[in-house]
Amino acid sequence: MANDRFVETYSQGVTNVRKIIVDSETGVNYLLMSSNMTSGCGLAVLVDENGKPVINPEEAIVSIYQ
């Protein structure tokens with residue numbers, strides 16, 4: 001949907017799932033991983049080599065670096 005805050009931008013796997021989710025308000029990228037969708041999953045902020053969150057500037061409305 002056009003007004004969804006979190007948008008899936010990448011998906012890999014069926015059982016061993018890896019997805020990148022982007023917050024459309026900040027542009028921050030998150031990694032969602034699961035080895036079995038029925039037993040739980042993990043979510044983490046993707047960071048660059050300096051430890052700062054990976055941001056898609058073209059999708060961000062508000063920059064967290066301000």
Give the minimum heavy-atom separation between S34 and C41, together with the two atoms involved.
-> CB-CB, 3.6 Å
CZ (F6) and NZ (K19) are apart, to the nearest 0.5 Å, by 14.5 Å
Between S24 and V7, what is the shortest heavy-atom contact and its length?
-> CB-CG2, 4.5 Å
Exam field: side chain S11 to backbone I20, donor-acceptor pair closer than 3.5 Å = no
Any Y30 side-chain heavy atom under 4.5 Å of D23 side chain | yes
Residue that, paired with L46, satisfies side-chain contact (heavy atoms from CB on, under 4.5 Å) out of I21, N29, V28 = N29
For the side chain of D48 and the backbone of N50, is there at least one donor-acceptor N/O pair under 3.5 Å apart?
-> yes
Got a second to check how far E8's CD is from L32's CG, nearest 0.5 Å?
-> 8.5 Å
Of the non-hydrogen atoms in V54 and V47, which two are nearest, and what is the gap between them?
-> CG2-C, 3.7 Å
Y10 side chain to Q12 side chain, donor-acceptor N/O pair below 3.5 angstrom | yes
